[in-house]
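Letters A, B, ... mirror the listed sequences (proteins, then strands); counts begin at 1. Basis for what follows: all heavy atoms, side chains included, without hydrogens, waters or symmetry-related copies.
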2 protein chains.
Amino acid sequence: MRIGELASQSGMSVDTIRYYEKIGLLPTANRLASGYRQYDKNSITVLSFVSSAKKLGMSLDDIKALLAIELDKSAASCETVKGFIAEQLLQVEQKMDQLKSIEQAMRRLHDTCCGGDESALCCSILQAMERGDV
Amino acid sequence: MRIGELASQSGMSVDTIRYYEKIGLLPTANRLASGYRQYDKNSITVLSFVSSAKKLGMSLDDIKALLAIELDKSAASCETVKGFIAEQLLQVEQKMDQLKSIEQAMRRLHDTCCGGDESALCCSILQAMERGDV
DNA sequence: CTTGACTTTAGACTCAACTCCAAGGTTATG
DNA sequence: CATAACCTTGGAGTTGAGTCTAAAGTCAAG
C-alpha cells in the first residue's frame with residue numbers, strides 16, 4: 001500500500017507520516033521503483049501503536065524510545081516496558097498535582113469575591129492578584 | 001526607575017517586560033529624555049498582577065483581557081471579574097478531566113503488565129498499544 | 001576622557017508538532 | 001493519450017511565550 005492508503009487506514013495525515021519518518025520516529029519506508037513509499041499491514045500496527053502513545057500524551061521523543069523497544073520486543077523485558085510506563089505515569093501525576101494546586105488557588109480566589117454588580121474597585125480577586133497573593 | 005530595576009524588583013527579565021509592552025499586554029511606558037523607559041511603584045503592582053495571572057496558568061491573551069479590567073477597575077463590576085475567573089476555572093477543570101482520563105488509561109495499562117524480566121514479546125502493554133486499545 | 005554598566009531597536013532564533021507550498025514525477029482511468 | 005489523482009522533495013510557515021544578538025546610544029565613576 002502507498003502512503004495515501006496508510007494515511008486513511010491509520011487516521012494520520014500523509015504529511016504527518018512523512019514528518020515522523022523524517023524525524024526518525026518511523027523507520028524509513030521501503031520504496032517502489034517509482035520512488036513511492038511502500039507499506040504493509042505491519043505499518044498500520046506501528047501507526048496504531050504511535051496513536052496509542054499520543055493518546056496517552058507522550059512526547060514524540062518518548063514515543064520514539066518506546067517504539068524502539070516495541071520494534072525489538074524480544075530484546076526487551078516486561079520490566080523495562082512497565083518501568084517506562086511507570087515513568088510516564090509519574091510525569092502525568094506531577095502535571096496533575098500542578099493543575100490541582102492551580103485549581104485550588106483559583107477556587108480560593110473565586111470564592112472570596114462577592115460577585116455583585118458593584119464596581120470592582122475593592123474586588124478581593126483583583127486585590128489578591130495585585131499583592132501576588134495567589 | 002528604569003527597566004533594569006523594574007526587572008529585578010518584579011522578578012521578570014528585561015526582555016520579557018519589553019516583550020509584554022510590544023504585544024500590548026503592558027501599557028506603553030513613559031520615556032525619559034534619553035529614550036529610556038521610566039517606571040514607578042505602580043508598574044511593580046501591574047507586573048505583580050501579571051505574575052499572579054501567570055501562576056494561575058492563564059494565557060497572555062487572557063491576562064491582557066483581565067488586565068484591561070484591572071486597569072479600569074471602576075468601570076467593571078465584581079460580577080465581571082468573578083465571571084472571568086469562573087471561566088478560567090472551567091478551563092482548568094476540563095484540562096484536569098483530560099489528564100485524569102490519561103492517568104487512568106495509563107494506570108490500567110501499567111497494572112496489566114507482569115513487569116517480570118522475561119522478554120516483552122507478549123507484553124500486555126505493547127499488545128494493547130498495538131491494538132489501539134488504550 | 002575612558003571604561004563599564006545600562007539602555008535602545010529590529011529582527012532572528014528557540015521549542016514541539018505539525019501543516020502547507022511549489023515544482024516536479026508517476027499512475028490509474030476514460 | 002489526456003487528465004486527474006496520486007506521489008516526491010526541500011523548505012517555509014504556524015502557535016505561544018519568550019530569549020538572544022548586533023549595533024548603537026546614555027550615563028556614572030575614577
Task: Any side-chain heavy-atom pair of A/Gln38 and A/Arg2 under 4.5 Å - done: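 They are not in contact (no side-chain heavy atoms under 4.5 Å apart), so the answer is no.
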From [atom1] of [X] over to [atom2] of [N], roughly how many Å is that when rounded to an integer?
X	N	atom1	atom2	result
A/Met12	C/dC18	CE	P	8 Å
B/Ile17	D/dT19	CD1	P	11 Å
A/Asp62	C/dA16	CG	P	11 Å
B/Met1	C/dT7	CE	P	12 Å
B/Leu6	C/dC6	CG	P	15 Å
B/Ile23	D/dG18	CD1	C1'	9 Å
A/Leu32	C/dT26	CG	C1'	11 Å

Between [Y] and [X], is there a salt bridge with N-O shorter than 4.0 Å?
X	Y	result
B/Glu87	B/Lys82	no
B/Glu93	A/Arg107	yes
B/Lys73	A/Glu130	yes

Open item on the list: As an exercise, state the distance from CD of B/Glu5 to OG of B/Ser10, rounded to the nearest 0.5 Å.
Closed with: 10.5 Å
Task: Main-chain N/O of B/Thr112 paired with B/Ser124 side-chain donor or acceptor, under 3.5 Å - done: yes
Open item on the list: Please encode protein proximity along nucleotides 2-17 of chain D as a string of B, S and -, counting only heavy-atom distances under 4.0 Å.
Closed with: ----BSBB-------B
